[in-house]
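Everything on this sheet refers to the single structure shown next.
What you see is a predicted model; the values in this text were computed from it and never measured. Letters go in sequence order (proteins before strands), and every chain restarts at 1.
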There are 2 protein chains.
Amino acid sequence: MKLLLVEDDPLHLSYLREQIGGALPECDEVFEAANGQDAEALARRHPAADIVMDLQMAGRTGIEAARTIWRERPLTRILFWSNYSDEAYVRGISRIVPMGAAYGYVLKSASEERLRLALRGIFLQNQCVIDNEVRGLQQRSLGQSGGFTESEYEVLVDIALGLTDRAIAERRGLSLRSVQNRLHQIYDKLEVSRPEAAGEEPVLNLRARAVSVAILRKLLNHGALERAEAELRGWLAGRTRH
Amino acid sequence: MKLLLVEDDPLHLSYLREQIGGALPECDEVFEAANGQDAEALARRHPAADIVMDLQMAGRTGIEAARTIWRERPLTRILFWSNYSDEAYVRGISRIVPMGAAYGYVLKSASEERLRLALRGIFLQNQCVIDNEVRGLQQRSLGQSGGFTESEYEVLVDIALGLTDRAIAERRGLSLRSVQNRLHQIYDKLEVSRPEAAGEEPVLNLRARAVSVAILRKLLNHGALERAEAELRGWLAGRTRH
DNA sequence: ACGGCGTTTGCGGGATCACGCAGCCGCAGT
DNA sequence: ACTGCGGCTGCGTGATCCCGCAAACGCCGT
């Protein structure tokens with residue numbers, strides 16, 4: 001049994017090695033990568049390897065690496081081992097996991113026991129193991145209450161990037177008015193209402209406020225913004241070339 | 001020699017204990033706290049203790065704990081040991097460090113050697129030891145180029161929170177026009193110009209774009225927003241009571 | 001005192017944004 | 001076919017925002 005560890009923090013990496021040694025004695029080969037690039041290359045050289053991977057690393061993200069790896073080999077088993085349970089990450093992952101693939105999501109703050117169970121569950125029993133802090137997010141984001149539609153989320157990201165209504169309309173193939181309607185829905189779900197009584201002067205700029213609470217509620221985070229920013233640059237380039 | 005360790009991640013805590021055992025054999029008593037509250041209480045019970053502290057912890061932040069500790073005992077030596085080198089944290093610290101206090105700031109990604117040198121430098125030699133990734137930020141933020149005035153930074157935070165120009169003016173005691181001028185300076189320094197030729201339709205909402213860039217450049221982060229949000233609530237309460 | 005420089009403030013216009021209203025379309029259920 | 005519901009769209013209004021212009025104020029150096 002081969003294992004590929006992708007983690008850029010040496011401290012966490014050594015902890016991981018230790019836990020794996022204890023929990024998975026049937027693992028006889030361990031490879032290591034410190035970023036998404038190397039991870040993809042190593043995964044290609046060792047097609048049978050299971051993967052334990054950190055999200056947010058310098059250079060190529062864990063999510064990006066997972067996407068290309070899964071595209072080439074959809075049944076690869078991947079355990080994501082991350083610091084955060086932000087919706088931005090959970091949403092990113094649940095969008096790229098192929099059907100039938102066994103995967104897991106364990107927080108770094110989890111106990112040793114939880115990590116060991118996840119390792120054995122995924123790689124030996126082929127089950128999906130997801131910490132329930134994360135699981136909560138997952139249902140909420142796919143379910144109804146307080147959850148965001150995929151297209152609402154896209155618009156939310158666009159205003160966070162600083163696009164105008166018109167630019168969003170063009171980018172997403174909507175009319176100007178539809179974009180504004182979506183904004184209204186977003187303001188609703190984020191409870192960014194105007195607390196002032198009628199006749200009072202407004203205190204909040206809804207657009208900016210929405211971004212603020214989205215960040216506070218961890219719908220958005222630094223990594224998600226970086227990815228979106230990169231996509232935006234691509235779109236802008238292809239657009240001015242017209 | 002007494003030492004107080006403030007760190008909520010057990011993994012990092014055990015690493016810290018180990019490094020201290022190796023680097024500071026003259027340390028004979030070690031106390032531990034997992035959040036800002038306990039840290040303040042423990043610091044009061046052991047007034048002679050030096051402190052190694054994580055920033056961002058659940059509940060009371062390291063910055064907040066440091067502020068109250070330094071207020072009670074300005075010469076306490078504190079080594080901040082943090083994941084990030086965001087300007088938001090650096091700015092927060094350099095605002096509260098009392099003159100004459102020895103303190104340090106090392107990143108968790110630093111080598112063991114760097115951590116050991118910092119421990120000995122601060123607690124035995126009474127010097128300030130600051131990783132130069134952080135040091136770079138510090139000069140840039142206090143210096144001229146690309147740096148932000150304290151008042152510009154305040155306004156930046158306010159728009160990130162979602163306040164209107166008028167509300168910012170009221171809160172900071174400025175005229176509406178002055179706020180807008182500050183916004184213009186901020187847009188300048190963030191290089192959030194309008195790249196379009198004259199007559200073209202604008203693609204960016206400057207206000208929202210500025211927040212986005214500020215986050216991407218790590219001038220703002222989640223923790224800073226949370227703190228600012230709390231202050232904002234306080235201000236709003238005292239204002240409607242009028 | 002006299003200019004020079006930066007900051008603050010008011011005024012005004014043009015563009016954008018927030019949003020109610022109304023019409024259009026597709027899609028279920030009776 | 002009729003009806004109701006939800007999403008998309010255009011129009012119009014009022015508030016906000018962006019910014020150029022100009023006047024007032026403090027501060028510094030010759």
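Distance CG (A/Leu206) to P (D/dA15): 15 Å, rounded to an integer number of Å. Between A/Arg166 atom CZ and D/dG10 atom P there is a gap of 12 Å when expressed in whole angstrom units. If you take CD1 of A/Ile186 and C1' of D/dG7, they are 15 Å apart, rounded to a whole angstrom. Between the C1' atom of C/dT16 and the CD1 atom of A/Ile168 lies a distance of 12 Å, rounded to the nearest Å. Rounding to whole angstrom units, CZ of residue B/Arg209 and P of C/dT16 are separated by 18 Å. One interatomic measurement links the two molecules: NE2 of A/His184 to P of D/dT9, which rounds to 17 Å at whole-angstrom precision. Note: CG (A/Asn205) to P (C/dT16) measures 16 Å, nearest angstrom.
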Contact string for nucleotides 7-14 of chain C, one letter per nucleotide 5' to 3', B = base within protein heavy-atom range under 4.0 Å, S = sugar-phosphate only, - = neither, reads -BBBB---
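Annotation: ring-ring contact (aromatic ring centres under 6.0 Å, His included) contacts of B/His222 (sequence neighbours excluded): none.
In summary, B/Glu191 and B/Arg209 do not engage in a salt bridge, as defined by a charged side-chain N under 4.0 Å from a carboxylate O. Classification of B/Lys189 and B/Glu152 as a salt-bridged pair holds, one side-chain N sitting under 4.0 Å from a carboxylate O. Contact check on B/Glu170 versus B/Arg166 returns no salt bridge, with no Lys/Arg side-chain nitrogen under 4.0 Å from an Asp/Glu carboxylate oxygen. Look at B/Glu72 and B/Arg67 and you find no salt bridge, because none of the NZ, NE, NH1 or NH2 atoms lies under 4.0 Å from a carboxylate O.
The distance from the CD1 atom of B/Ile63 to the CD1 atom of B/Ile96 is 6.0 Å, given to the nearest 0.5 Å.
Judged purely by distance below 3.5 Å, without hydrogens or angles, the side chains of A/Ser151 and A/Arg182 pair a donor atom with an acceptor atom.
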Its dot-bracket string being built from Watson-Crick and G-U pairs below 3.5 Å, with | for another strand and [ ] for crossing, DNA chain D has the pattern |||||||||||||||||||||||||||..|
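Taking the six-membered ring where tryptophan is involved, the planes of B/His12 and B/Trp81 are perpendicular, since the angle between them exceeds 60° and thus also 30°.
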